[in-house]
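Worksheet for the structure shown next.
Because only heavy atoms are used, hydrogens play no part in the values below, and waters and symmetry mates are left out as well, while side chains stay in.
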Amino acid sequence: MTRSPLRSVRPLAALAAGLGLALALSTAARAQDAPAPDSTLVKLIRGLIDSGALTPEVGQALLDEARREAATRPATAAGPALEPGDVRVPYLSESVRQGLREEVKADVLAQAQAERWAAPDAVPEWTQRVQVTGDVRVRNESRLFSERNSPIETDWARINAGAGYDINPNTNLDLPPLRNTRQDRNNSWRIRARLGVLAQLGPHTRAGVRLATGNDTSPVSTTQTLGGGLAKKDAWLDQAWLAWTPLPGLELTGGRFANPYRSTDLLFSNDLNFDGMAVKYERAAGEGLDLFATLGLSPLEYSADNFPATRQDKQASRDKWLNGLQVGANWRFGDDQRLRAALAYYQFRNISGQYSAPCALYAGAQDCSTDGTRPAFMQKGNTLMLLRNLALDPLDPANTPLPQYVGLAASFKLVDVNLSWETPALADTRLRLEGHWLKNTAYDPQALWTRAHGGIVTNLATPAGAAPTAADIRSGDTAWLFQATFGDLALRQAGDWNLWLGYKHIDPDALPDGFNDSNFHLGGTNARGYTLGASYAFDRNVWLTGRWLAAKEVFGPPLSIDVFQLEVNAGF
């Protein structure tokens with residue numbers, strides 16, 4: 001911490017005041033026939049010289065002055081008598097005053113140069129308004145799969161990223177892209193690096209830009225896997241935003257910015273950033289009580305400007321949005337107790353898949369009317385539906401290729417409750433308990449079935465020999481998390497530590513599977529299990545973390561995935 005110049009001057013000012021007071025007291029004592037020319041003033045000056053508080057030159061000048069005054073005591077004593085309340089001010093010669101000034105000046109300048117506040121114009125002014133931040137993480141990760149897992153887990157994201165998957169067995173004998181579900185992946189080395197610049201542009205405006213690593217454009221992870229023939233690694237634009245504070249407590253942020261909501265990775269990954277705009281307001285409402293509110297408007301995906309490209313009649317906009325509103329309170333009470341409660345509503349607009357108009361790909365059509373309703377990014381777990389209403393070639397209907405895309409069958413309107421309580425624990429440690437519960441109020445199995453025209457391809461369990469119905473959908477609408485953390489909740493100094501234990505349960509259609517934590521069950525929904533871990537700081541802002549995440553499916557074929565991570569984190 002930079003020390004103020006005023007603090008450096010205060011000891012010298014106190015010394016000068018002490019000398020002045022001593023001079024005054026000595027002169028007053030001589031006026032009242034105080035004894036001894038070798039007075040308290042002389043002793044004080046000698047003591048200051050011996051202690052190094054005064055240089056010998058200045059101290060000697062003060063001694064000479066004191067002796068001259070002592071030699072003139074009779075004349076001085078003969079002066080006018082002091083009346084009650086009068087103060088006699090001693091006289092310091094010009095040479096003594098100049099010596100004191102030069103010593104104070106020399107001491108202050110020496111300390112100013114040592115503490116780097118002597119030359120405020122030595123660096124450009126803008127550098128005082130800019131802050132560089134960042135963090136680095138090096139991780140060793142193992143992914144462990146149960147031998148009892150189903151060997152058939154379709155990678156629907158890869159199908160959507162390509163030309164679709166032909167579901168006609170007469171024209172396609174290949175299996176769809178499949179995920180690995182049984183073979184462990186041990187000791188993968190992975191890194192994450194983020195570098196940001198924050199600037200205070202004016203009294204009410206801030207800006208930020210941040211770069212981050214990452215394997216791909218995934219919104220939920222900035223982790224980069226090492227290897228790849230020692231090739232250089234990619235850097236992505238992770239954040240770019242402007243923030244304006246027109247009133248105390250009110251902030252408007254636009255661009256690409258950090259999660260503006262109080263949440264957990266049950267719903268939003270810790271690496272997830274938001275596009276669009278957020279309005280945040282926070283104000284004190286009483287002793288230890290703060291209220292807050294956040295409104296967010298985030299575009300998830302814009303429909304193509306020129307779709308279909310080969311036809312004159314273009315499709316109207318059907319943009320995808322996430323709109324959120326959260327209100328809550330932070331309450332500090334009792335013996336350093338802290339309670340946070342937040343209630344939120346999130347509406348995901350136009351992210352559900354739509355069944356297309358009849359589409360004659362066999363006749364040369366290049367796309368179908370609802371191809372744009374497939375998710376821009378997905379992990380796994382949501383109930384999926386076929387999007388294309390493909391027409392059959394009347395000349396050879398049995399051998400008509402049927403390449404399909406998939407989309408989300410459910411709609412998503414989430415009610416979200418988030419609670420956190422912190423309390424002092426043993427030996428200067430703290431305990432934090434967190435609870436997070438949410439429900440998708442738009443979930444309706446019959447609506448899923450109707451929207452898909454019966455073309456549901458996941459989370460469906462149909463009895464052998466029976467025709468599938470909406471009653472065969474195996475899904476749910478609720479997710480919840482509980483976690484306890486004990487120790488030093490913020491790891492700053494060497495020796496700080498904490499440990500935690502938590503449990504998650506996420507029904508398949510409780511939330512969109514594309515935005516939550518990518519580590520637990522390797523991302524997505526339809527997962528339940530526990531997490532445990534511990535961290536230890538072995539240097540300032542550097543800590544070691546180990547965690548174990550054990551999860552399996554809620555519904556459907558067995559899919560147990562354990563993840564172990566050992567990592568070193570550093571922040572600056």
W331 CH2: over 12 foreign heavy atoms closer than 6.0 Å: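 Open: at most 12 neighbouring heavy atoms sit under 6.0 Å from CH2 of W331.
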
Over 12 non-hydrogen atoms of neighbours within 6.0 angstrom of NZ in K233: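 Correct, the count exceeds 12.
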
Pair L272, N259 - check side chain to side chain contact (heavy atoms under 4.5 Å, CB included), show working. CA-CA 7 Å; L272 182 67; N259 181 3; over 6 Å; no

Between the side chain of [X] and the main-chain N/O of [Y], is any donor-acceptor distance below 3.5 Å?
{"X": "N526", "Y": "F555", "value": "yes"}
{"X": "R318", "Y": "S303", "value": "no"}
{"X": "N160", "Y": "A157", "value": "no"}
{"X": "Q200", "Y": "R129", "value": "no"}
{"X": "K380", "Y": "G523", "value": "yes"}
{"X": "N382", "Y": "L511", "value": "yes"}
{"X": "D488", "Y": "W497", "value": "yes"}
{"X": "D416", "Y": "A344", "value": "no"}
{"X": "S317", "Y": "D319", "value": "no"}
{"X": "T450", "Y": "A447", "value": "no"}

Taking all atoms of both residues into account, what is the closest heavy-atom pair of [X] and [Y], and its distance?
{"X": "H505", "Y": "L266", "result": "O-CD1, 4.4 Å"}
{"X": "L414", "Y": "A510", "result": "CD2-O, 3.2 Å"}
{"X": "K314", "Y": "A309", "result": "NZ-O, 3.6 Å"}
{"X": "I351", "Y": "P512", "result": "CD1-CG, 4.0 Å"}

Between atom [atom1] of [X] and atom [atom2] of [Y], what is the distance when rounded to the nearest 0.5 Å?
{"X": "N519", "Y": "R547", "atom1": "CG", "atom2": "CZ", "answer": "7.0 Å"}
{"X": "Q379", "Y": "D517", "atom1": "CD", "atom2": "CG", "answer": "8.0 Å"}
{"X": "N498", "Y": "W543", "atom1": "CG", "atom2": "CH2", "answer": "10.0 Å"}
{"X": "I191", "Y": "T223", "atom1": "CD1", "atom2": "OG1", "answer": "9.5 Å"}
{"X": "T264", "Y": "L481", "atom1": "OG1", "atom2": "CG", "answer": "5.0 Å"}
{"X": "F348", "Y": "W321", "atom1": "CZ", "atom2": "CH2", "answer": "14.0 Å"}

Is there a side chain to side chain contact (heavy atoms under 4.5 Å, CB included) between T370 and Y355? Walk through the geometry before answering. CA-CA 7 Å; T370 61; Y355 196 59; 5.9 Å; no

Stepwise salt bridge (Lys or Arg N to Asp or Glu O under 4.0 Å) check, R210 with D135: CA-CA 11 Å; R210 189 171 75 177; D135 60 86; 5.0 Å; no

Could I get the full list of ring-ring contact (aromatic ring centres under 6.0 Å, His included) partners for W500, not counting sequence neighbours?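 Counting only residues at least two positions away or on another chain, W500 forms no ring-ring contact (aromatic ring centres under 6.0 Å, His included).
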
Name all residues meeting the side chain to side chain contact (heavy atoms under 4.5 Å, CB included) criterion together with [X]; count only those two or more places apart in sequence or in a different chain, and write none if there are none.
{"X": "S369", "answer": "Q315, S356, A357"}
{"X": "L198", "answer": "Q131, T133, W241"}
{"X": "T458", "answer": "W156, T383, L384"}
{"X": "T205", "answer": "L201, W244"}

Does [X] have any salt bridge (Lys or Arg N to Asp or Glu O under 4.0 Å) partners at least two apart in sequence or in another chain, and if so, which?
{"X": "R338", "value": "D336"}
{"X": "E434", "value": "R432"}
{"X": "E141", "value": "R139, R143, R190"}

Is any side-chain heavy atom of [X] closer than 4.5 Å to a side-chain heavy atom of [Y]?
{"X": "R283", "Y": "L247", "result": "no"}
{"X": "V417", "Y": "L343", "result": "yes"}
{"X": "L501", "Y": "F486", "result": "no"}
{"X": "F482", "Y": "L419", "result": "no"}
{"X": "P308", "Y": "Q366", "result": "no"}
{"X": "W449", "Y": "I456", "result": "yes"}

Salt bridge flag under 4.0 Å for residues E251 and R206: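 R206 and E251: salt-bridged.
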
Strictly by modelled atom types, are [X] and [Y] linked by a side-chain donor-acceptor pair under 3.5 Å?
{"X": "R451", "Y": "S411", "result": "yes"}
{"X": "N418", "Y": "R340", "result": "yes"}
{"X": "S475", "Y": "N459", "result": "no"}

Show me, pair by pair, the donor-acceptor contacts under 3.5 angstrom made by side chains of residues 527-540, not counting sequence neighbours?
residue	atom	partner	partner atom	Å
R528	NE	E553	O	3.0
S535	OG	T545	OG1	2.7

Partner set under side chain to side chain donor-acceptor pair (under 3.5 Å) for D265, not counting sequence neighbours: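 Once residues adjacent in sequence are excluded, the partners of D265 under the side chain to side chain donor-acceptor pair (under 3.5 Å) criterion are K504.
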
Parallel, tilted or perpendicular for F268 and Y346, by the 30°/60° rule?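 Perpendicular, since the angle between the ring planes exceeds 60°.
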
Identify each donor-acceptor pair in which a side-chain atom of residues 290-301 lies under 3.5 Å from a protein atom, sequence neighbours left out, and give them as a table.
residue	atom	partner	partner atom	Å
D290	OD2	R332	NH1	3.0
S298	OG	D275	O	3.0
E301	OE1	K320	NZ	3.1

Let's go through N440 and D509 carefully: what are the C-alpha distance in whole Å and the side-chain angles of both, what is the deciding distance for side-chain hydrogen bond (donor to acceptor under 3.5 Å, both in side chains) to 0.1 Å, and is it a yes or a no? CA-CA 7 Å; N440 179 14; D509 291 307; over 6 Å; no

Mind listing the side-chain donor-acceptor pairs of residues 212-220 below 3.5 Å, one per line with the distance, residues two or more places apart or on another chain?
residue	atom	partner	partner atom	Å
T213	OG1	A193	N	3.1
T213	OG1	T222	O	2.7
N215	OD1	Q224	NE2	2.8
N215	OD1	T225	N	3.0
N215	ND2	T225	OG1	3.1
D216	OD1	S218	N	2.9
S218	OG	V220	N	3.3

Report the C-alpha separation of Y443 and L448 in whole Å, then their side-chain angles, then the decisive distance to 0.1 Å, and conclude whether the side chain to side chain contact (heavy atoms under 4.5 Å, CB included) test is met. CA-CA 8 Å; Y443 175 74; L448 270 67; 4.1 Å; yes

